[in-house]
Amino acid sequence: MTENSKGTALITGASSGIGAVYADRLSRRGYDLILVARNRARLMDLAKHLADETGRAVEVIAADLGQKGGLAEVETLLRADAGITMLVNNAGVGATDPLLASDIDKMEEMLTLNVNALTRLTYAAAPGFVTRGAGTVINIASIAGVAPERLNGVYGASKAFVLAFSLSLQSELAGKGIRVQAVLPGATATDFWSIAGTPLEHVPSEIVMSAEDMVDAALAGLEIGEQVTIPSLPDIGDWAAYEAARQKLMPNLSRSVPASRYGVERNKRLLSA
Ligand code: NAP
């Protein structure tokens, strides 16, 4: 670990887009880095550039998180390296085709990366964070997690998982010194769109944010203690109202009798009369 380091941030999907901007911003904030993605050459270029500019230690792991072997390598490191103080679960892929036009094998690959890898990496990192009483998990979800009608439904559902998983972790790890943040970017100018099947030029420019602005806003959200950050949402009160409506449901989500509108109790009474 380098001098005055805030510890090491392990960033998945760091070879491009949002992950590469996190790498830049976190190294300038004093983190050493472990950069994970498949494309070793791109990771090495970024690592050299950031190490030269910031003097931080920057390591690279070329691993396919969609494959058991690659994922296990990163899980093992997260369990073993007590210097890791932050996990940025960013690697992910999207799709823009609707269900009837989508290849189910591609959907499964997406779930494996967006859901399975993120879950396993969190399980690898969190116990050490709890033992040490400190650590940060940043999970990159998407606005599609609350607006699944917007893009491919499997993508939206995978990001709804990331949001639900993060909310659950926040509650379970509260008071243990761990920060868990879910970030819900809207459309962001990265390779994501061409890989997902819709070139960025086809997305209305007024809804597209730069990756730099998105990450700067998300890190500002982390600093002010937001558990859910939606970089483009003008009024955070709108999220608070959404969350309050969810909390209002809580006491009635599990009861011994069905709601009266279903007529089940009435029918039972009629049958037994
Ligand atoms: P991106 O530029 O395509 O970056 C995706 C990153 O994930 C790349 O570094 C890629 O690197 C890595 N990756 C892909 N498959 C992988 C695998 N099997 N194993 C390991 N790494 C893999 O897109 P991005 O926009 O920055 O996406 C980052 C995250 O933001 C994703 O979770 C995405 O769902 C989320 N997001 C994006 C947007 C948007 O509009 N761009 C909006 C909301 C949320 P390699 O190819 O080198 O492996």
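Predicted model, so just to flag it, every value in this text is computed and none were measured. Indexing begins at 1, ligand by ligand and atom by atom, following the structure's order. Only heavy atoms go into these numbers, but all of them, side chains included; no hydrogens, no water, no symmetry mates.
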Q: Report the nearest protein non-hydrogen atom to atom 11 (O) of ligand 1: residue, atom name, distance rounded to 0.1 Å.
A: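 So the nearest neighbour among protein heavy atoms is Ser15 OG, 2.8 Å.
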Q: Taking only heavy atoms of Tyr155 into account, list the atoms of ligand 1 that are under 4.0 Å away from them.
A: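 Going through ligand 1 atom by atom, the ones under 4.0 Å from Tyr155 are 33 (C), 34 (O), 35 (C), 36 (N), 43 (C), 44 (C).
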Q: For Ala63, counting its heavy atoms only, list the atoms of ligand 1 lying under 4.0 Å from any of them.
A: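 Numbered from 1, ligand 1 contributes 19 (N), 20 (C).
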Q: Any N or O of Ala37 that comes nearer than 3.5 Å to an N or O of ligand 1?
A: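 No, Ala37 has no N/O under 3.5 Å of an N/O on ligand 1.
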Q: Between the candidates Val88, Asn90, Ile140, which shows the shortest non-hydrogen contact distance to atom 32 (O) of ligand 1?
A: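 Checking each option, the heavy atom nearest atom 32 (O) of ligand 1 is found in Asn90.
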Q: Kindly identify the option in Ala141, Gly92, Ala196 whose heavy atom sits closest to atom 44 (C) of ligand 1.
A: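 Nearest option to atom 44 (C) of ligand 1, by heavy atoms: Ala141.
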Q: How far is atom 46 (O) of ligand 1 from its nearest protein heavy atom, and which residue and atom is that?
A: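 Result: Arg38 NH2, 2.9 Å.
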Q: Who gets closest to atom 42 (C) of ligand 1 by heavy atom: Ala187, Ala211, Gly186, Ser142?
A: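 Ranked by closest heavy atom to atom 42 (C) of ligand 1, first place is Gly186.
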Q: What do we get for Lys159 next to ligand 1 when only non-hydrogen atoms under 4.0 Å count, side chain, backbone, both or neither?
A: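 Answer for Lys159: side chain.
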Q: If we count only N and O atoms by modelled type, under 3.5 Å, do the side chains of Thr8 and Asp81 hold a donor and an acceptor together?
A: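 No - no donor-acceptor pair under 3.5 Å links their side chains.
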Q: Between Ile18 and ligand 1, is there a nitrogen or oxygen pair with a distance under 3.5 Å?
A: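 Between Ile18 and ligand 1 (N or O atoms, distance only) the closest approach is under 3.5 Å.
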Q: One residue to check: Thr12. Relative to ligand 1, which of side chain, backbone, both or neither has a non-hydrogen atom less than 4.0 Å away?
A: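 No part of Thr12 comes within reach of ligand 1.
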Q: Quick check on contacts: which atoms of ligand 1 are under 4.0 angstrom from a heavy atom of Gly66?
A: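 So the atoms of ligand 1 that pass are 18 (N).
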Q: Below 3.5 Å, N or O to N or O, backbone or side chain included: is there any such pair between Leu65 and ligand 1?
A: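 N/O-N/O distance under 3.5 Å: yes.
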Q: Is Arg28 paired with Glu53 through a side-chain N to carboxylate O contact shorter than 4.0 Å?
A: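 Here Glu53 pairs with Arg28 in a salt bridge, since their nearest N and O are under 4.0 Å apart.
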Q: Sequence neighbours excluded, which residues qualify as ring-ring contact (aromatic ring centres under 6.0 Å, His included) partners of Tyr123?
A: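 Per chain and number, Tyr123 pairs via ring-ring contact (aromatic ring centres under 6.0 Å, His included) with no residue.
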Q: Heavy-atom contacts under 4.0 Å between Asn39 and ligand 1: side chain, backbone, both, or neither?
A: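 Contact part for Asn39 vs ligand 1: both backbone and side chain.
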Q: Apply side-chain contact (heavy atoms from CB on, under 4.5 Å) to Ala57 and list each qualifying residue two or more places apart in sequence or on a separate chain.
A: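 With neighbours one apart ignored, the set is Thr2, Asp32.
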Q: Relative to ligand 1, is Ala14 under 4.0 angstrom through side chain, backbone, both or neither, heavy atoms considered?
A: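 For Ala14, only backbone atoms sit under 4.0 Å from ligand 1.
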